[in-house]
**Q** 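One structure is given below, represented as C-alpha cells, and several questions about it will come after.
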Amino acid sequence: MATRDTWVSNLGFVLAAVGSAAGLGNIWRFPWLTAGNGGSAFLAVYLAIVVSVGVPGLLAEFVLGRRGRQTPMGALRSLTGSRWGSVLGAFNVLTTLLILSFYSVVGGWILRYTLVSPTGAYFAQPQQYFGAIGYGFEAVGFHLLFLGIVAGIVFFGVNRGIERVSKVMLPAVVVLLVGLAAWTATQPGTAAGYAFYLGFDGEYLFANFASVLGPAAGQALFTLSVGAGTMLTYASYIDEDSSLPRDTIVIAVSNTFIGVLAGLVVIPLLFSQGVDPGQGGPGALFVGLAAAFESLPGGRVVATAFFAAVLMAAVTSAISLLETPVATLVDAVGMPRRRATLLISGVLALTGTGLSLSAPIFQFVSGTVADLMLSVGLFAFLVIVGWMLREDAIAEFRAGAGRMGVLAPSWLFTVSWLLPVVVLFSLSSTLGSLVGVSLDLGSRVAVAVVLTFVCRAVVAVAVDG
Ligand code: TRP
C-alpha cells in the first residue's frame, strides 16, 4: 500500500482542524441559538460546556486518531481488537455523509447569497427571496455547485488540497469578521444588541438553566466537530511530536473566538432592525440580516464580505466531512483517492438533492437526527478511550505533550465518568422528547447516571469475558 498522506506541519494541522470546527455552526447556528435562548445566558452555559465537555471530548477523538493511524473503521477495529470497532467506524462514516448532505444544501444557499449580494437581489423582499430559493430545483443547483468546490479540494489530498486551502481561507475568514464586527460597532441602533449578548443576566440563566442546557451541549459538540470521526481522521495524519493537549486548546479557543466574533456581527445587526431574537430560526437570520444590509450605508459591499466569509468557513468544514468517507475508501479497500472522491461526491449529490427538495425532512435530519448520531458517536469514543484503552490512551496523550502530560490522569477521569453522564443525559433528553416523555432536570440526571453504570457493567463483561 502507498504511504499515507500527512500534514506538512503541525500548524497546517491546527489550521485545518480550526477550519473544520469553524463553519456554519459558528456563523449561522450559534448566533441564532444564542438569540433564541436568552443571549448572554446561553453564551455562559455554552462556554462552560465547551471547556468541560468539548475540550476533553475532542482530545479523546484526537487520541484515537493518532493512536489508530487510520480512518475510523480501521482505527477503531485495531484499537478495540473487535469487529464492533469497524461497525462503530462505519457509523461515523454514515454520520459524516448525513451531515454533509444538509450542510451542502446550506452551503448552496450561502454561495448564492455571496454571488447575488453585489446586486442586492434580495434587498427589496428578503422574506420572499429566501422563501423562493430555499428549497426546490434552484437550491439543488447551488448545492451541487458547493459540493463541486468541496470535492475539487479533497481531490488533491491532505497537504496539497486541504492544508493549502485552510491556510488561506481561515485567516481570510478572521480578517473579514474582524472588519465586519468593527463596522457593526459604528452602526446606529446596535447598543441593545450588545447589552443582550454580553450583559450577564443571572436571573434568566437561573430560571431557564434546564432548557438552555440541551441546545448548549448539542452546539458545543457540533461546533467542535466532535463525534463523527472527522477530527479522528485529521489526527491520523499527524506525528508523535505534536502536543495533542496544546493543539486541542488552541483549536477550541480559536473556534470559540470565531463564534463569538460572528455573534458580535449578527446579533447587534438583528437588533438594529428590531428583529425579535426570540423568533430566531434558520431562515429568519438570512431575512433579518438582509434588512440590515438594505438599510445601512455600504450594504452591498458589507453583505458580500459577510457571505464570502461564511462561504469560506463552510468550505473548510465541508472538506473535513468529505475527507472522512473518502479516506475510509482509500484506507479500507485501497481505492485511489480521486476515484473515491468522485464516488462519494456522487452519493452526496443525490442525498443532498433529496434534502433540498423537502423542507420537513431537511429540518428533521439537520436537527434531531444529526444531534443523536453525534452523541452516539461521541459516546462510543468515550467508551473506547476511557473504559478500554486507558493506559494506552494516557501514553498517547503524553507523547509530545511535554509538561502538559501531567494533566493526563484527570483528563482520563473526565472522559471515563463525567462525559458519559453528560452525553447520556442529552441523548436521553432528545430521545425522550421524540417519544413525548419529558422528565424534570433531577430525574434526567438520575437516568443518565444509572445508564452510565449499566453501560460500564456491560462493557466490562464484554471485554473481560
Ligand atoms: N463544526 C462544523 C461547524 O461548526 C461542522 C462540522 C465539520 C462537523 N465536521 C463535523 C460537525 C463533524 C459535526 C461533526 O460548522
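For ligands, and for the atoms within them, numbers begin at 1 and follow the listed sequence.
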**Q** What part of I99 sits under 4.0 Å from ligand 1 if we count only heavy atoms: the side chain, the backbone, both or neither?
**A** side chain
**Q** Can you run down the side chain to side chain donor-acceptor pair (under 3.5 Å) pairs that involve residues 152-167, sequence neighbours left out, and say none if there aren't any?
**A** none
**Q** With heavy-atom distances below 4.0 Å as the criterion, list the atoms of ligand 1 near L374.
**A** 13 (C), 14 (C)
**Q** In terms of residue, atom name and distance, what is the protein heavy atom nearest to atom 4 (O) of ligand 1?
**A** A21 O, 2.9 Å
**Q** Need the ligand 1 atom indices (1-based, order shown) with element for anything under 4.0 Å from a heavy-atom of S320.
**A** 7 (C), 9 (N)
**Q** Give me each pair satisfying side chain to side chain donor-acceptor pair (under 3.5 Å) with a member in residues 39-52, each pair once, sequence neighbours excluded.
**A** none
**Q** With heavy atoms of L24 as the reference, note each atom of ligand 1 found under 4.0 Å away.
**A** 15 (O)
**Q** Show which atoms of ligand 1 fall inside a sub-4.0 Å distance from at least one heavy-atom site of A228.
**A** 12 (C), 14 (C)
**Q** Pull out every atom of ligand 1 sitting under 4.0 Å from any heavy atom of T223, numbered as shown with elements.
**A** 1 (N), 4 (O)
**Q** Among all protein heavy atoms, pick the one closest to atom 11 (C) of ligand 1 and tell me residue, atom and distance.
**A** F222 O, 3.4 Å
**Q** For ligand 1 and L224, I'd like to know whether there is a polar contact (N/O to N/O, distance under 3.5 Å).
**A** no
**Q** Among all protein heavy atoms, pick the one closest to atom 15 (O) of ligand 1 and tell me residue, atom and distance.
**A** Y103 OH, 2.5 Å
**Q** Side chain or backbone of T96 under 4.0 Å from ligand 1, or both, or neither, by non-hydrogen atoms?
**A** neither
**Q** Can you tell which of G25, G23, S20 gets a heavy atom nearest to atom 2 (C) of ligand 1?
**A** S20
**Q** Apply the test ring pair (Phe, Tyr, Trp, His ring centres under 6.0 Å) to residues F13 and F62: give CA-CA distance (whole Å), side-chain angles for both, the deciding distance (0.1 Å), then the verdict.
**A** CA-CA 12 Å; F13 159 69; F62 283 156; 5.5 Å; yes
**Q** Less than 4.5 Å apart, side chain to side chain, heavy atoms only: is that true for M373 and L94?
**A** yes
**Q** Can you tell which of R77, R4, R69, R337 makes a salt bridge (Lys or Arg N to Asp or Glu O under 4.0 Å) with D331?
**A** R4
**Q** Looking only at side-chain N and O atoms, does T351 offer a donor or acceptor that is under 3.5 Å from a partner on S101?
**A** yes
**Q** May I ask you to decide if the ring planes of F362 and Y135 are parallel, tilted or perpendicular, using 30° and 60° as cut-offs?
**A** perpendicular
**Q** In the structure I gave you, are the side-chain heavy atoms of F156 and V165 within less than 4.5 Å of one another anywhere?
**A** no
**Q** Flag L221 as yes when one of its N or O atoms lies below 3.5 Å from any N or O atom of ligand 1, and as no otherwise.
**A** no
**Q** In terms of residue, atom name and distance, what is the protein heavy atom nearest to atom 8 (C) of ligand 1?
**A** S225 OG, 3.6 Å
**Q** Would you call the rings of W7 and Y237 parallel, tilted or perpendicular, taking 30° and 60° as the class edges?
**A** perpendicular
